[in-house]
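Only one structure is covered here, and it is reproduced in the block below.
Both ligands and their constituent atoms are indexed starting at 1 by order of listing.
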Amino acid sequence: MFSKILIANRGEIAVRVIKTCRRMGIKTVVVYSEADADSMAVEMADESVFIGPAPAAQSYLVADKIIAACRETGAEAVHPGFGFLSENAGFAQRCADEGIVFIGPNPGAIQAMGDKIESKKFAQAAGVSCVPGHIGEIDDTEHAVRISEEIGYPVMIKASAGGGGKGIRVAHNRKDVEEGFPAVRAEAKASFGDDRIFIEKFIVSPRHIEIQVLGDKHGNVVHLFERECSIQRRNQKVIEEAPSPLLDQKTRDAMGAQAVALAKAVNYDSAGTVEFVAGQDKSFFFLEMNTRLQVEHPVSELITGLDLVEQMIRSAYGEALAFKQKDLKINGWAIESRIYAEDPYRKFLPSIGRLVRYDPPVEGEHDGYVVRNDAGVREGDEISMFYDPMISKLCTWGKTREAAIDGMGRALEDFHIEGLGQNVPFLAAVMDHPRFRSGKLATSFIADEYPEGFLGAPPSDETLDVLTAAASAMHQIQVSRIGASKRGDWVVVIGHRQIPIRLDATDDGMTIALGDRSLELTDLAWRPGQPLLRGKLDGKAFTVTVKPAAEGFVIRHRATSTKVLVLTPRSAELHTKLPERKPADTSKMIISPMPGLVVSMDVELGQQVREGEVVCVIEAMKMQNIIRAERDGVVKAVSAKGGDSVAADEVLVEFA
Ligand code: ADP
Ligand code: ADP
Ligand code: MG
């Protein structure tokens with residue numbers, strides 16, 4: 001076996017690869033940029049090599065620097081992780097030329113599958129069912145219109161070199177194509193340096209189902225069943241699971257057989273993924289093959305018991321697969337939630353900054369579910385604007401889909417992050433969503449169910465009970481410090497609701513009588529000042545996040561975040577008579593939705609601006625965000641200009 005492997009990546013995937021190497025007794029080297037000098041991966045690896053400035057184009061993407069780092073440290077092989085150089089056939093070939101083993105497929109397979117047009121040609125020849133469309137390059141807009149009309153609307157215009165959801169556009173009519181074709185072409189040129197475009201049928205409301213394949217250098221290829229990744233936002237995956245609630249054994253076998261046939265057709269010899277879109281009727285069509293480890297690979301590991309990184313290392317070393325297709329079985333169900341540094345309440349805008357608090361759920365076995373959290377960060381680390389805004393990948397395993405979802409809901413309750421915007425409440429809302437639970441998924445799920453974006457969820461009856469119990473408990477703990485009795489009548493105020501309770505403190509919790517029913521709170525764990533309160537309500541474990549407010553607390557439970565007060569019956573009565581405090585009027589201001597760099601300020605003092613006009617452009621996380629006026633008005637003040645760094649909530653422009 002190899003004695004030393006270099007990891008040409010960062011963050012969570014670098015840490016993930018290190019863990020497997022340690023278990024296999026292989027020494028590790030990581031490379032790091034200026035932004036990652038103090039990272040967890042650098043701390044965990046046996047050796048580390050500095051490779052330059054933060055922008056990936058000057059560090060993680062420079063093949064020469066990676067090769068030099070291998071030479072310097074004597075690493076015999078390179079694991080590229082995903083992103084960066086992982087699907088770069090030139091880099092894989094360069095490693096081979098230098099006598100360094102690339103832990104991934106052979107360069108020929110990357111070449112054949114790295115390009116969507118080429119891969120579709122291979123797929124068709126291997127008998128794989130492809131999305132109806134035009135497998136070839138489109139010359140110009142006129143050609144694009146002709147092809148689209150032949151295929152029939154709606155169609156999807158796609159960059160052949162595209163990835164990560166970029167370089168894709170749907171067209172419903174001729175006008176969409178006339179506008180969309182040049183736009184996709186320009187985006188493809190800018191993002192991938194390759195402006196070849198093709199067009200295929202847009203499958204309406206499909207599901208994304210992919211097959212994990214694994215091959216060796218001896219001609220063996222197996223599949224590790226499917227993953228469903230239909231919960232996407234702007235064609236990017238957010239929640240994945242394995243297996244898929246859609247598939248029956250017959251469809252699973254058919255998709256698996258096609259994926260294996262395609263892999264064999266290109267002599268595939270590592271871990272890879274064959275992606276399909278599937279109709280609700282279980283028809284399925286090949287999309288693309290990703291010739292690397294996939295972000296969501298942990299869910300396949302959880303249901304098969306295999307370690308895909310170990311398998312990649314073994315096959316790169318030349319070992320034959322130690323099992324056959326018939327030896328592989330699906331065990332239980334696994335779900336992954338991508339925890340992103342983005343603000344779900346602000347249209348999911350990226351939110352960079354420091355992890356002032358980072359306290360993930362405990363990994364391993366819990367009551368009825370297993371937790372795995374793949375992360376590359378620790379409390380105090382920064383999520384920087386240079387790389388992917390993923391904080392961690394939280395996975396749960398259960399015997400059934402329901403158990404895995406319940407486990408994920410609980411694990412998300414236990415995930416405590418402060419310091420930046422993060423999507424935990426949104427992920428919790430999906431776990432509680434009846435349509436998600438029913439398994440009726442589609443790639444349009446988020447757009448269908450949250451058309452206005454995510455506004456937080458109103459409390460369910462169960463959450464109301466949890467909020468009532470948590471607030472009562474905190475109140476009792478605080479008043480008992482000043483010698484209050486163990487019994488009391490109180491009113492819990494949650495938003496506009498007033499809930500009268502009678503509270504009886506017990507040794508490890510309390511009984512809360514609400515009219516004709518009562519709640520039993522046990523195993524209570526909280527001290528004043530702590531951000532998490534844990535307990536069991538009628539025997540069922542829960543966690544809430546607590547923040548002190550001017551009066552009372554702000555409590556988050558799952559997708560609900562709300563202010564909660566506990567008052568005496570007399571003050572509760574007065575409370576109803578208080579005038580409601582109105583939030584400050586910000587309707588005449590343009591406020592920076594995130595920290596970032598002002599690319600351009602497009603209005604000036606005294607200018608008449610119409611609704612929808614561009615006011616300024618702000619860049620963060622490599623994304624340009626266009627800020628538009630929400631109503632007509634005359635500019636009264638401008639407080640930022642191109643080149644300025646701005647904070648979240650900073651006032652940029654005021655209207656008269
Ligand atoms: P898909 O497999 O559908 O293309 P993925 O979510 O697996 O989508 O990845 C999209 C692209 O972004 C891939 O090129 C992947 O390698 C890259 N990527 C995604 N997340 C990260 C991350 N945390 N770090 C580095 N690269 C990433
Ligand atoms: P990328 O390389 O960016 O991952 P894909 O071709 O895998 O690009 O497409 C990304 C996502 O876009 C898919 O997961 C699916 O949700 C959607 N998509 C792609 N092609 C089609 C299609 N023909 N019809 C409907 N949805 C599609
Ligand atoms: Mg894809």
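Per-residue contacts place Lys158 under 4.0 angstrom from the following atoms of ligand 2 (heavy atoms of the residue considered): 6 (O), 19 (C), 20 (N). The Thr443 neighbourhood of ligand 2 comprises atoms 16 (O), with distances under 4.0 Å to a heavy atom of that residue. Listed by number with element, the atoms of ligand 2 under 4.0 Å from a non-hydrogen atom of Pro206 are 25 (C), 26 (N). Of all atoms in ligand 2, listed by their number and element, those nearer than 4.0 Å to a heavy atom of Gly162 are 2 (O).
A donor-acceptor pair is defined here as one N or O able to donate and one able to accept, closer than 3.5 Å; no such pair exists between the side chain of Asp194 and the backbone of Ala188.
Looking only at atom types and distance, the side chain of Ser392 has a donor-acceptor partner in the side chain of Asn373 under 3.5 Å away.
Ring centers of Phe426 and Phe348: under 6.0 Å apart, within the cut-off.
Residue Ile203 has at least one nitrogen or oxygen atom sitting less than 3.5 Å from a nitrogen or oxygen atom of ligand 2, judged on distance alone.
Nearest N, O or S atom of Glu275 to the Mg ion (ligand 3): atom OE1. The closest approach of Glu288 to the Mg ion (ligand 3), by N/O/S atoms, is made by OE2.
Ranked by closest heavy atom to atom 8 (O) of ligand 2, the top entry among Glu87, Glu275, Lys116 is Lys116. In this structure, of Lys237, His208, Glu288, the residue bringing a heavy atom nearest to atom 13 (C) of ligand 2 is His208.
A search for side chain to side chain donor-acceptor pair (under 3.5 Å) contacts involving Glu178 returns Arg174, not counting sequence neighbours. Shown here are the salt bridge (charged side-chain N to carboxylate O under 4.0 Å, His left out) partners of Lys282, two or more places apart in sequence or in another chain: Asp248.
Under the 4.0 Å criterion applied to side-chain N and carboxylate O atoms, Arg338 and Glu296 are assigned as salt-bridge partners.
The proximity of Ile168 to ligand 2, defined as any non-hydrogen pair under 4.0 Å, is limited to the side chain.
Between Phe91 and Phe102, the ring planes are perpendicular. Angles over 60° get that label, and only those under 30° would be called parallel.
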